[in-house]
Amino acid sequence: MLQEDSVNGRPLGWRRACASSSACVEVAAAGAGVVAARDDRAVAGEVLWMPASVWRGLVLEIKGGVHDLA
């Protein structure tokens, strides 16, 4: 299991993105065009690393309803 709070000694500065009161995602800019994401209820768990362009695309898809579960 990989859990990171810093990259090259620099703190990531996690910030929370919530669409509801119970399920939140924390994201952090990790430098060099990389975004890190994790579950705020499992901060000691795994971190997803992705290019910032992938993160932006995912956010646009979510806002557009592409991933709605209803």
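Model, not experiment: these values are computed from the prediction.
- Summarising the geometry of A37 relative to V27, their closest heavy-atom pair is CB-CG1, 4.2 Å, with the distance given to 0.1 Å.
- For the pair E46 and R38, the tightest heavy-atom approach, listed with the atom from each and the gap, is O-CB, 3.9 Å.
- Closest approach of V47 and A36 over heavy atoms only: CG1-CB, 3.7 Å.
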Between V34 and M50, is a side chain to side chain contact (heavy atoms under 4.5 Å, CB included) present by the stated rule, with each step listed? CA-CA 6 Å; V34 176; M50 66 199 86; over 6 Å; no

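- Taking CG of L58 as the reference point, atom NZ of K63 lies at 11.0 Å (rounded to 0.5 Å).
- Residues A28 and L12 come closest through the heavy atom pair CB-O, 3.6 Å.
- Residues W14 and E26 come closest through the heavy atom pair CZ3-O, 3.5 Å.
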